Amino acid sequence: MRPIEFKGMSRPVCEWAKLTGISSDTITKRLNLGWSAEEALTTPVGKQGRKPKPALAPSFAHELPALYGWQRDMHAAHRQMTRSVRSFVRQMEEQMAELRHGLDQHLAAQRDEAHRNAAATPGVSSNIPKSADDRCPRVTQESV
């Protein structure tokens, strides 16, 4: 190691490191970067040249209460929309049940009238199904 002369004293880097409290690596790097002996030995080790860590952006920290309020409002709106959709679906199901019931009554009335007409006509056999559950005639497969 080459000796470094500072304030009239010439010492190796390891001795200057012990005297100054700056690591020998830091002193050597500073000298290799072109620092003078005085700068290398007297500049305190710190955050020279380092970028400071970014703190939480003040605008974001300021916006947090607004974001919490927005989240609360959106949650309440979502709950209300869910209630509305469920209510709408219930209403549609009730209307569909009423329509199915009305259709069943209409088909039963038509079937009864067709049976009465067939019974009133002598000698005519009827192919009208007698099941009240059928809304439309079923197709049966004949086994071969």
Side-chain angles (χ1 to χ4, degrees), residues 1-119 124-144:
M1 290 187 181
R2 64 184 171 138
I4 301 170
E5 190 170 325
F6 176 62
K7 291 189 177 179
M9 297 184 286
S10 180
R11 298 176 186 229
V13 174
C14 60
E15 286 187 32
W16 283 117
K18 289 177 187 172
L19 288 171
T20 61
I22 300 172
S23 75
S24 59
D25 287 339
T26 301
I27 295 172
T28 304
K29 285 179 187 175
R30 287 177 176 181
L31 293 171
N32 290 338
L33 288 172
W35 290 33
S36 68
E38 182 180 353
E39 290 174 326
L41 297 172
T42 58
T43 305
V45 178
K47 296 182 179 181
Q48 288 85 12
R50 293 185 190 168
K51 294 182 181 176
K53 292 184 180 179
L56 184 61
S59 61
F60 181 71
H62 179 323
E63 297 293 329
L64 283 178
L67 289 174
Y68 290 138
W70 179 82
Q71 179 195 19
R72 185 185 59 247
D73 294 345
M74 288 296 104
H75 186 67
H78 180 264
R79 281 194 317 263
Q80 179 59 40
M81 187 182 344
T82 301
R83 282 189 215 110
S84 298
V85 167
R86 286 181 180 153
S87 173
F88 175 77
V89 168
R90 273 194 301 275
Q91 290 174 355
M92 291 297 105
E93 288 173 344
E94 289 170 4
Q95 289 180 6
M96 289 300 295
E98 290 173 12
L99 288 171
R100 281 193 300 270
H101 179 69
L103 179 62
D104 287 343
Q105 287 180 335
H106 178 71
L107 290 174
Q110 281 184 335
R111 188 187 60 243
D112 292 344
E113 184 180 346
H115 282 294
R116 279 193 304 275
N117 288 342
V124 176
S125 66
S126 132
N127 292 338
I128 301 170
K130 295 187 179 188
S131 171
D133 295 336
D134 290 337
R135 290 193 183 112
C136 59
R138 292 188 180 147
V139 177
T140 59
Q141 291 183 340
E142 297 179 8
S143 53
V144 179

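In this text the structure is predicted, and so the values were computed from the model without any measurement. The first residue of the sequence shown is numbered 1, and numbering continues consecutively from there.
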- Task: Measure from the side-chain N and O atoms of E94 to the backbone N and O of Q91, and report whether any donor-acceptor pair falls under 3.5 Å.
- Result: no
- Query: When rounded to the nearest 0.5 angstrom, what distance separates CD in E15 from CG in L19?
  - Reply: 7.0 Å
- Message: Is the shortest side-chain heavy-atom distance between W35 and T43 below 4.5 Å?
- Response: yes
- Message: Looking at M92, I want to see if its CE is surrounded by more than 12 non-hydrogen atoms of other residues, nucleotides or ligands under 6.0 Å.
- Response: yes
- Item | Flag, side chain of T26 to backbone of I22, donor-acceptor distance under 3.5 Å | no
- Do the side chains of R86 and R83 get nearer than 4.5 Å, heavy atoms only? no
- Query: What distance separates R116 CZ from R111 CZ, expressed to the nearest 0.5 Å?
  - Reply: 11.0 Å
- About how many Å separate CH2 of W16 and OG of S23, when rounded to the nearest 0.5 Å? 15.5 Å
- Considering only heavy atoms from C-beta outward, does the side chain of I4 approach that of R11 to under 4.5 Å? no
- Message: Could you check whether any side-chain heavy atom of E93 comes within less than 4.5 Å of a side-chain heavy atom of V89, counting everything from C-beta outward?
- Response: yes
- Message: Minimum heavy-atom separation for S24 and A17, please, with both atom names.
- Response: N-CB, 3.6 Å
- Query: Taking side chain as C-beta onward, heavy atoms only, is H78 less than 4.5 Å from M74?
  - Reply: no
- CE of M96 to CG of L103: how many Å apart, nearest 0.5 Å? 10.0 Å
- Query: What pair of heavy atoms forms the shortest contact from A40 to L31, and how long is it?
  - Reply: CB-CD2, 3.9 Å
- For the residue pair N32 and T28, establish whether any side-chain heavy-atom pair is separated by less than 4.5 Å. yes
- Message: Measuring only between side-chain heavy atoms, which start at C-beta, is V85 closer than 4.5 Å to F88?
- Response: no
- Task: Determine, stepwise, if the pair Q71 / H75 fulfils side-chain hydrogen bond (donor to acceptor under 3.5 Å, both in side chains).
- Result: CA-CA 6 Å; Q71 179 195 19; H75 186 67; over 6 Å; no
- What are the two closest non-hydrogen atoms of L41 and T20, and how far apart are they? O-CG2, 3.6 Å
- Query: Are V45 and R30 side-chain neighbours, meaning at least one heavy-atom pair lies under 4.5 Å?
  - Reply: yes
